[in-house]
Amino acid sequence: MSAPAQIDPAQLSGLELLKFAMTLKDRPPFIGDLLGMEAETLEHGKVVFSLLTRQEFANPLGSTHGGICATLLDSVMGCAVHTTLEAGVGYSTLELKVNYIRAVPTDGRKLTAIGTTIHVGRTTATAEGRVVDDQGRLVAHATTTCVIFRGGAAS
């Protein structure tokens, strides 16, 4: 019996690569592991991640630090762009604009972030994102611009 064929990540589309990476038990570390992010949806042009707030996320006022929402938003919007890219094409965030709507306690509330592409061109892409709490209330929303690297350079 022959061994299973090795998968070459460079040959996978952005969507295939994200789906593959999320199935690996021994994957390289990424920010999502640090924050406890869970991938809920990975589709062409749309990504949904969630996490549970915890006390380590507190800002000096005791609510969830805005950087947690910003990281969620950067992750889902960037990954939404990534899902549209061909094999061997990379991207990096050029700009991130976040609007905060309400404070979130650090008591285990589920935050869900939805990122969708707006435009994906040859050299740049734009996407939008929303974070909602476990009651469906808007917590933050954002837009991003990403640069697209053809020929393998990625961040």
Side-chain angles (χ1 to χ4, degrees), residues 1-54 57 64-101 104 109-134 136-155:
M1 185 185 305
S2 63
Q6 279 287 52
I7 294 177
D8 179 3
Q11 299 303 312
L12 300 177
S13 71
L15 180 57
E16 292 168 336
L17 181 61
L18 284 173
K19 286 183 174 183
F20 174 70
M22 293 301 169
T23 65
L24 294 175
K25 293 200 185 308
D26 194 27
R27 65 179 175 231
F30 79 112
I31 190 72
D33 290 335
L34 182 64
L35 298 181
M37 281 186 212
E38 296 288 333
E40 295 188 10
T41 301
L42 297 170
E43 299 173 357
H44 183 87
K46 180 181 179 182
V47 170
V48 179
F49 292 163
S50 64
L51 59 74
L52 298 177
T53 64
R54 56 184 195 248
F57 293 173
T64 299
H65 191 282
I68 300 300
C69 284
T71 301
L72 262 172
L73 287 161
D74 188 37
S75 298
V76 296
M77 293 185 300
C79 286
V81 168
H82 195 177
T83 66
T84 68
L85 301 179
E86 301 161 2
V89 177
Y91 72 97
S92 184
T93 300
L94 282 176
E95 178 265 342
L96 175 68
K97 164 69 170 92
V98 180
N99 293 284
Y100 298 99
I101 306 303
V104 179
R109 305 282 170 108
K110 183 177 181 179
L111 295 180
T112 302
I114 304 99
T116 55
T117 56
I118 298 170
H119 168 79
V120 180
R122 180 149 180 80
T123 58
T124 60
T126 57
E128 60 191 358
R130 297 168 57 89
V131 175
V132 296
D133 66 12
D134 51 5
R137 297 178 301 180
L138 184 64
V139 171
H141 59 95
T143 57
T144 192
T145 303
C146 296
V147 62
I148 297 174
F149 301 109
R150 305 234 172 238
S155 82

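These numbers come from the heavy atoms of this one structure, side chains and all, not from hydrogens, waters or symmetry mates.
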- Task: Return yes if some donor-acceptor pair links the side-chain N/O of T83 with the main-chain N/O of G45 below 3.5 Å, else return no.
- Result: yes

- Message: Using side chain to side chain contact (heavy atoms under 4.5 Å, CB included), reason through T64 and V139 one step at a time and then give a plain yes or no.
- Response: CA-CA 11 Å; T64 299; V139 171; over 6 Å; no

- Quick one: CD1 on I31 to OG on S75, what's the gap to the nearest 0.5 Å? 7.5 Å

- Item | Euclidean distance, I114 CD1 relative to K46 NZ, rounded to 0.5 Å | 7.0 Å

- What heavy-atom pair brings T144 and E95 nearest, and what distance separates the two atoms? OG1-O, 2.7 Å

- Taking all atoms of both residues into account, what is the closest heavy-atom pair of L35 and R54, and its distance? O-NH1, 3.3 Å

- Message: Between T71 and M37, is there a side-chain heavy-atom distance shorter than 4.5 Å?
- Response: yes

- Message: How long is the straight-line distance from NE2 of H141 back to CE of M77, given to the nearest 0.5 Å?
- Response: 11.5 Å

- Item | Closest non-hydrogen atom pair, V76 against A113 | CG1-O, 3.5 Å

- Minimum heavy-atom distance between L18 and C79, given as atom pair plus value: CD1-O, 3.6 Å

- Query: Hey, what do you get for CG (L73) to NZ (K97), rounding to the nearest 0.5 Å?
  - Reply: 11.5 Å

- Message: Return the SG to CZ distance between C69 and R130, rounded to the nearest 0.5 Å.
- Response: 12.5 Å

- Message: As a quick check of understanding, evaluate side chain to side chain contact (heavy atoms under 4.5 Å, CB included) for K19 and L42, giving each step before the final call.
- Response: CA-CA 7 Å; K19 286 183 174 183; L42 297 170; 4.0 Å; yes

- Can you tell if the side chain of R137 reaches within under 4.5 Å of the side chain of I101, non-hydrogen atoms only? no

- Message: When you compare the side chain of F57 with that of V104, does any pair of heavy atoms fall below 4.5 Å?
- Response: no

- Query: Minimum heavy-atom separation for V98 to Y100, with atom names?
  - Reply: CG1-CZ, 3.5 Å

- Hey, mind stepping through I148 and V120 against side chain to side chain contact (heavy atoms under 4.5 Å, CB included) and telling me if it holds? CA-CA 9 Å; I148 297 174; V120 180; 3.9 Å; yes

- Task: Show the numbers, then the answer: is there a side chain to side chain contact (heavy atoms under 4.5 Å, CB included) between R150 and E86?
- Result: CA-CA 9 Å; R150 305 234 172 238; E86 301 161 2; 4.0 Å; yes

- Item | Approximate separation, where rounding is to 0.5 Å, of R109 CZ and L52 CG | 11.5 Å

- Heavy-atom closest pair (L111 atom, L72 atom, distance to 0.1 Å) is CB-CD1, 4.1 Å

